2 protein chains.
Amino acid sequence: MTDFEECYKAVLKLRGIKSTKQRLAVLEVLCKSDALTAEEIFLNLRDSFLNLSLSTVYRILDTLSKNSVVTKSGLMEGGRALYEITPAAHRHNLICEKCHKITPLRDCPLAEYENDIEKKTGYAISGHKLEVYGICPNCK
Amino acid sequence: MTDFEECYKAVLKLRGIKSTKQRLAVLEVLCKSDALTAEEIFLNLRDSFLNLSLSTVYRILDTLSKNSVVTKSGLMEGGRALYEITPAAHRHNLICEKCHKITPLRDCPLAEYENDIEKKTGYAISGHKLEVYGICPNCK
DNA sequence: GTCTTTGCAAATCATTTGCATGGAA
DNA sequence: TTCCATGCAAATGATTTGCAAAGAC
């Protein structure tokens, strides 16, 4: 068993989720890239799995999202949802409008802004979604 | 003909889009609320229109989006897209997670942040999407 | 009159669900 | 052994499309 599997088995156990080879495989694929659709994950795994169904991938992503192991992005380009391993730190993505390359952004300038809004509107702010768009150096 | 119709007829003419009663009706509904799904718009109009089809609403929203008259929000809660009249000024929404009430936010703290990112990443930044979530005063 | 838009129904796409079987603890 | 997870196929929900008829300019 690889180090990778060991690690994610522990992560799942911690959350009370059973380890199955499908779940570990989904996590492995997600670890290798920034954000993928359910179908992209499915296609990545179809080769290595004799039988794997797309609905299983959806169910796994749902389970892992609910347990904060993965995060469902709000992007939804063309109606498709994107999933990624939940970043340890709060993070946003910078997305190239041509090649769709995703560059993670480290800092988030919104903490103060949220405080402000909380006072002005009376909402209890729970979070936000921020995605920045542009053209990456390669595509320029 | 109402002032409203006059106004939006002019807007459409300016963009080279033909004025039809369906298009004006969609615009009128959108003017009265903050952000709606295609189906909500359809239901709003169904009473006043003998025959109106949902696909027409989708086609109108598509046309108007492409011409920047309306803006398709990235929110997509539960897979449904939200549409609103393109705000004259750059604006973001604060969304209640219980009742889905939408409160527009006036200020945007991201201009400097975008400059920063542009320098650090080499991207040509074209814009961003920001939505803030929380519980509104009523639902608390 | 010409070309675009609409209504309707059928098609499509992403995602979800029911149910019997297989697998993890 | 006891449930929970999976595969498959069918269902659902949002959105799109083909085509003939109605409408805008």
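For the numbers below, each heavy atom of this structure counts, side chains included, while hydrogens, waters and symmetry mates do not. Order of the sequence lines sets the chain letters (A, B, ...), proteins ahead of strands, with each chain counted from 1. What you see is a predicted model, and the numbers here were worked out from it, not measured in a lab.
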- line: All heavy atoms of B:Phe42 vs all of B:Leu52, minimum pair found to be CE1-O, 3.0 Å

field: Under 3.5 Å: donor-acceptor pair, side chain of B:Asp62, backbone of B:Tyr58
entry: no

Rounded distance (nearest 0.5 Å) linking atom NZ of B:Lys72 with atom CG of B:Leu64: 13.0 Å

task: Figure out the CZ/P separation between A:Arg80 and D:dT15, and round it to whole Å.
output: 14 Å

- line: In 5'-to-3' order, the base (B), backbone-only (S) or no-contact (-) status of each nucleotide in nucleotides 18-25 of chain C, using a 4.0 angstrom heavy-atom cut-off, is B----BSS

message: By the definition side chain to side chain contact (heavy atoms under 4.5 Å, CB included), identify the one residue from B:Thr37, B:Val69, B:Leu30, B:Thr56 that meets it with B:Leu61.
response: B:Leu30

field: Flag, side chain of B:Thr121 to backbone of B:Tyr123, donor-acceptor distance under 3.5 Å
entry: yes

message: Whether B:Gln22 contacts C:dG7 is assessed here as follows: a side-chain N or O lying under 4.0 Å from the phosphate OP1 or OP2. Is that the case?
response: yes

query: Base, sugar-phosphate, or nothing for B:Leu54, non-hydrogen atoms under 4.0 angstrom?
result: base

message: OP1 or OP2 of C:dC8 versus the side-chain N and O atoms of B:Ser53: is any pair under 4.0 Å?
response: no

- prompt: Considering only D:dA5, C:dA14, D:dG7, which nucleotide approaches the side chain of A:Arg23 most closely?
  reply: D:dA5

query: A:Arg23 and A:Ile17: side chain to side chain contact (heavy atoms under 4.5 Å, CB included), yes or no, with the steps?
result: CA-CA 10 Å; A:Arg23 282 173 180 168; A:Ile17 305 172; 3.2 Å; yes

message: Can you measure B:Leu12 atom CG to C:dT4 atom P for me and round it to whole angstrom units?
response: 17 Å

message: How close do A:Leu27 and A:Tyr8 get, counting heavy atoms only, and between which atoms?
response: CD1-CD2, 3.3 Å

- request: Note the angle between the end axes of the helix from C:dG1-D:dC25 to C:dA25-D:dT1, five pairs defining each, rounded to 10 degrees.
  value: 40°

- prompt: Between B:Tyr58 and D:dT15, is there a side-chain N or O to OP1/OP2 distance below 4.0 Å?
  reply: yes

- prompt: With no hydrogens and no angle check, do the side chains of A:Thr71 and A:Thr86 hold a donor and an acceptor under 3.5 Å apart?
  reply: yes

task: Rounded off to whole Å, could you give me the CG-to-C1' distance for the B:Leu52 and C:dT5 pair?
output: 12 Å

field: Any residue of residues 36-45 of chain B with a heavy atom less than 4.0 Å from an atom of DNA chain D
entry: none

query: Could you state the CG-C1' distance from A:Leu82 to C:dT15, rounded to the nearest angstrom?
result: 14 Å

query: Hey, what do you get for CD1 (A:Ile60) to OG1 (A:Thr20), rounding to the nearest 0.5 Å?
result: 5.0 Å

- prompt: Under 4.0 Å: is that the gap between some side-chain N or O of B:Asn51 and OP1 or OP2 of C:dT6?
  reply: no

field: Interatomic distance, A:Gln22 atom CD to A:Leu45 atom CG [nearest 0.5 angstrom]
entry: 9.5 Å

- request: Report the distance from atom CG of B:Leu61 to atom P of C:dT5, rounded to the nearest whole Å.
  value: 14 Å

Closest non-hydrogen atom pair, B:Ser68 against B:Arg15: CB-NH1, 3.9 Å

